[in-house]
Amino acid sequence: MTNNNVFAEIALDGSMLLAVPVAILAGLVSFFSPCVLPLVPGYLGYVTGMSGVNLENQQRGRMFIGMSLFVLGFTIVFVLLGLMFSSAFIWLQGDGQWLTQVLGLVVILMGVVFMGGLSKLQRDHRITYRPQAGLLGAPMLGVIFGLGWAPCIGPTISAVLLLSSAGSPSPTRGGLLAFVYCLGLGLPFLLIALGFNRFMGTMAFFRRHQRLIMRLGGGLLILVGVLMVSGIWNLWVTELQTWFANEVRLPI
């Protein structure tokens with residue numbers, strides 16, 4: 001098997017086929033949560049160096065570049081976390097069964113936290129340092145965003161990292177799944193940068209339904225955790241792996 005097929009094998013792995021949709025949804029739910037959505041205009045203003053009326057009249061190109069650099073910053077952080085987290089779990093790999101169940105319990109815990117439970121884990125832990133406003137400081141702002149703990153971001157990225165370590169953990173698997181999470185979280189930032197005025201008109205809708213979003217997101221994590229603890233997750237993984245082994249042949 002050539003090195004070019006490493007990513008193909010991982011992409012067609014049963015555990016990844018189940019985890020990728022969860023990671024994308026987790027990223028989207030994180031974006032529309034109370035910890036992120038209300039702050040989007042502030043992030044846009046910071047990465048462009050503009051605010052208020054000036055931000056509304058800002059060129060889309062500048063806003064898109066600034067937000068792209070911001071997204072790049074937290075993507076680097078989360079992908080590195082995925083690489084390191086999966087590497088740390090390799091020595092616990094074993095047969096993967098008991099580890100998946102333990103990780104499932106933690107995923108359930110993260111779902112409860114996301115829904116507002118466990119007040120001790122609801123506290124924000126943010127870095128107070130603020131980089132220079134504008135395009136030059138945008139990547140560092142994204143890094144700071146990724147390094148901080150917020151009740152709407154921490155539980156979801158933690159659950160995604162736990163999923164990457166279930167079954168057969170590998171650094172590549174952890175990094176890819178973290179990147180998928182960043183797609184779900186980052187794409188709305190980029191789309192809003194291209195249509196800021198339109199977004200401002202729809203923000204009120206999402207704010208009115210933030211509690212529902214939190215419940216749906218937490219419920220998703222709890223459901224995944226229950227599947228992992230009950231063994232259904234591993235059963236689905238095995239069935240998908242068997243199906244792809246019979247239907248999909250990778251070039252050697």
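When side chains are defined from C-beta on, I192 counts as touching L44, because their heavy atoms get closer than 4.5 Å. A heavy-atom distance below 4.5 Å is found between the side chains of L83 and L80. Side-chain contact between V71 and C182 is absent, with no heavy-atom pair separated by less than 4.5 Å.
Of the inter-residue distances, the one linking S158 atom OG with L81 atom CG reads 9.0 Å to the nearest 0.5 angstrom. Atom-to-atom distance recorded for I157:CD1 and I153:CD1 is 8.5 Å, nearest 0.5 angstrom. Note: L69 CG to L141 CG = 11.0 Å, rounded to the nearest 0.5 Å. Atom CG of residue L28 and atom CG of residue L183 lie 9.5 Å apart, to the nearest 0.5 angstrom. Taken from CG in L177 to CG in L162, the straight-line distance is 10.5 Å, to the nearest 0.5 Å. Expressed to the nearest 0.5 Å, how far CE of M67 lies from CG of L190 amounts to 8.0 Å.
Between Y46 and F70, the ring centre distance reaches or exceeds 6.0 Å.
Tracing side-chain contacts under 4.5 Å through hydrophobic residues (I, L, V, M, F, W, Y), one never reaches L136 starting from L72; they form parts of separate clusters. Under the 4.5 Å side-chain heavy-atom criterion for Ile, Leu, Val, Met, Phe, Trp and Tyr, L185 and L147 are members of the same hydrophobic cluster. Cluster membership for L39 and M63, using ILVMFWY side-chain heavy atoms within less than 4.5 angstrom, is shared. When hydrophobic clusters are built by joining Ile, Leu, Val, Met, Phe, Trp and Tyr residues whose side-chain heavy atoms come closer than 4.5 Å, directly or via intermediates, V112 is not grouped with L216. Cluster annotation: V47 and M140 are assigned to the same hydrophobic cluster (Ile/Leu/Val/Met/Phe/Trp/Tyr, side-chain heavy-atom contacts under 4.5 Å, transitive).
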For this session: Begin from the C-alpha positions of L220 and L25 and carry the test side chain to side chain contact (heavy atoms under 4.5 Å, CB included) through to its verdict.
Result: CA-CA 9 Å; L220 171 67; L25 287 175; 3.8 Å; yes
Problem set entry | From CA spacing to verdict: side chain to side chain contact (heavy atoms under 4.5 Å, CB included), V229, I108 | CA-CA 9 Å; V229 172; I108 293 175; 4.2 Å; yes
For this session: Begin from the C-alpha positions of L176 and V180 and carry the test side chain to side chain contact (heavy atoms under 4.5 Å, CB included) through to its verdict.
Result: CA-CA 6 Å; L176 283 176; V180 171; 5.6 Å; no
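In plain terms, the two heavy atoms of M214 and S33 that are nearest each other are SD-CB, 3.7 Å. Nearest heavy atom pair, residue A159 against residue L221, reads CB-CD2, 3.8 Å. When all heavy atoms of V29 and G217 are compared, the closest pair comes out as CG1-CA, 3.6 Å. A178 and G82 get closest at one heavy-atom pair: CB-CA, 4.3 Å. Minimum interatomic distance between V107 and M228 (heavy atoms only, all atoms of both residues): CG2-SD, 4.1 Å.
Sorted by first and then second residue, the pairs that involve residues 178-191 and meet side chain to side chain donor-acceptor pair (under 3.5 Å), not counting sequence neighbours, are S30-Y181, T156-Y181.
Exactly one of F31, F78, F74 qualifies for a ring pair (Phe, Tyr, Trp, His ring centres under 6.0 Å) with F145. That residue is F74.
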